[in-house]
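Step one of this worksheet: look at the structure below.
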There are 2 protein chains.
Amino acid sequence: MTTRTAAHRRVDGRDSYQARFTACPVNRLIDRIGDKWVAVLLNELAEGPRRYGDLTRTIAGASQKMLTETLRHLERDGLISRTVTPAVPVRVDYALTDLGRSLLPVIEVMKQWAEENIDQIDSAREAYDTRDR
Amino acid sequence: MTTRTAAHRRVDGRDSYQARFTACPVNRLIDRIGDKWVAVLLNELAEGPRRYGDLTRTIAGASQKMLTETLRHLERDGLISRTVTPAVPVRVDYALTDLGRSLLPVIEVMKQWAEENIDQIDSAREAYDTRDR
DNA sequence: CAGAATCCGGAAGGATACTG
DNA sequence: CAGTATCCTTCCGGATTCTG
């Protein structure tokens, strides 16, 4: 059987597509900063270094697990640093690295666009939801 | 019992936090473009209008469901337009709206940063994964 | 204090078949 | 051609408990 349906082509294309997808820098960046708590976290650390406890209080909406997980991911990617000060009790500080700081202007651009256009999105959304069906 | 543990405070803070979170334009933007296939889709439509069938072939990695879903979301937010040409068979074209086009430069900035810094992220990640434990 | 480990429900994402 | 509709699986995020 040499018949190739659309489904077949899709399956065949998936692997190579996945490769291209994850290789694409933009997608990788979005994968990273798309995590739910990354934006808030970076925003908070932009103000200066923070201790773990500070973050759990400031970002009260996130569970401990999510916070720790997000911090680990960002640390792994070199966007933030984690400094342990041996003492009793232990003290851990998180701060933006140079790489992390270089990302802030990018976020600022996103913020600009978002603030300027949020109204249009809202009204588009409302129009879509209330249109005749 | 008036004792307030950290967990209590977290729970209390969650609602108001959620409100602030979803009200923040940046988070809303990220919510939107963070969807797995949005970037590829916008990238494809940046080249010009495309028919539904074209997209299923070009973006072979996405399931039909995900493609349709993503298109609906973007249409709802007014970032793309959907034009039905009644004929036999039916013809449907998708294209960027002005709003959608205005988002391209923002993505371009993200792309720039991503391409410039992807190596640093990769090496940071490798260092993190291979460090002594 | 700063987390690690575990369990769990629900949503996200995908495969497949059917329709105007 | 351009989608729905349906079913199924994975995995994200949260609650809770334990540890150095």
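Order of the sequence lines fixes the chain letters, A, B, ..., with proteins taken first and strands second; residue numbering starts at 1 for each chain. Just so it is clear, the model here is predicted, and its values are computed rather than measured.
- If you measure from atom CG of B:Leu67 to atom P of D:dG3, you get 9 Å, rounded to the nearest angstrom.
- For the OP1/OP2 pair of C:dA4 and a distance below 4.0 Å, the side-chain nitrogens and oxygens of A:Tyr52 include no atom meeting the criterion.
- OP1 or OP2 of C:dG14 has at least one side-chain nitrogen or oxygen of B:Lys36 nearer than 4.0 Å.
- Counting only residues at least two apart or on different chains, the salt bridge (Lys or Arg N to Asp or Glu O under 4.0 Å) pairs with a member in residues 106-123 of chain B are A:Arg28-B:Asp122.
- Between the CG atom of A:Leu71 and the P atom of C:dA4 there is a distance of 10 Å, rounded to whole Å.
- Note that CG of B:Leu45 and OG1 of B:Thr58 are 9.5 Å apart. Values are rounded to the nearest 0.5 Å.
- Note: CE (A:Met66) to P (C:dG10) measures 17 Å, nearest angstrom.
- Phosphate contact (OP1/OP2 of D:dG3, side-chain N/O of B:Arg82, threshold under 4.0 Å): present.
- Straight-line distance from the NE2 atom of A:His73 to the P atom of D:dC11: 13 Å, rounded to whole Å.
- To the nearest angstrom, P of C:dA2 lies 14 Å from CD1 of A:Ile59.
- Considering only side-chain atoms of A:Lys65, the nucleotide from C:dG3, C:dT6, C:dC1 that sits closest is C:dT6.
- The distance from the CZ atom of A:Arg82 to the OH atom of B:Tyr128 is 7.5 Å, given to the nearest 0.5 Å.
- Residue B:Trp37 places at least one side-chain N or O closer than 4.0 Å to OP1 or OP2 of C:dG14.
- Nearest nucleotide to the side chain of A:Thr68, out of D:dG3, C:dG3, D:dA15: C:dG3.
- The CG-C1' distance, from A:Asp35 to D:dC11, rounds to 13 Å in whole Å.
- Side chain of A:Trp113 to backbone of B:Ser102: a donor-acceptor contact under 3.5 angstrom is found.
- Straight-line distance from the CD atom of B:Glu69 to the P atom of D:dT4: 11 Å, rounded to whole Å.
- Listed candidates were C:dG14, C:dC7, D:dC1. Nearest to the side chain of B:Arg51 is D:dC1.
- Across every non-hydrogen atom of B:Ile59 and B:Leu41, the tightest pair is CD1-CD1, 3.4 Å.
- Between the C1' atom of D:dA2 and the CG atom of B:Leu55 lies a distance of 11 Å, rounded to the nearest Å.
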Run the side-chain contact (heavy atoms from CB on, under 4.5 Å) check on B:Glu69 and B:Met66 step by step: do they pass?
CA-CA 5 Å; B:Glu69 206 168 278; B:Met66 281 305 100; 3.6 Å; yes
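- Annotation: the terminal axes of the helix from C:dC1-D:dG20 to C:dG20-D:dC1 meet at 50°, where each axis is the rotation carrying the C1' atoms of four end pairs onto the next four (5 pairs per end, rounded to 10°).
- One N or O donor and one acceptor, one from the side chain of A:Gln64 and one from the base of C:dG3, sit under 3.5 Å apart.
- Considering CD of A:Gln64 and OH of A:Tyr52, their distance stands at 4.0 Å, rounded to 0.5 Å.
- Comparing C:dC1, D:dT6, C:dA4 by their nearest atom to the side chain of A:Arg72 picks out C:dA4.
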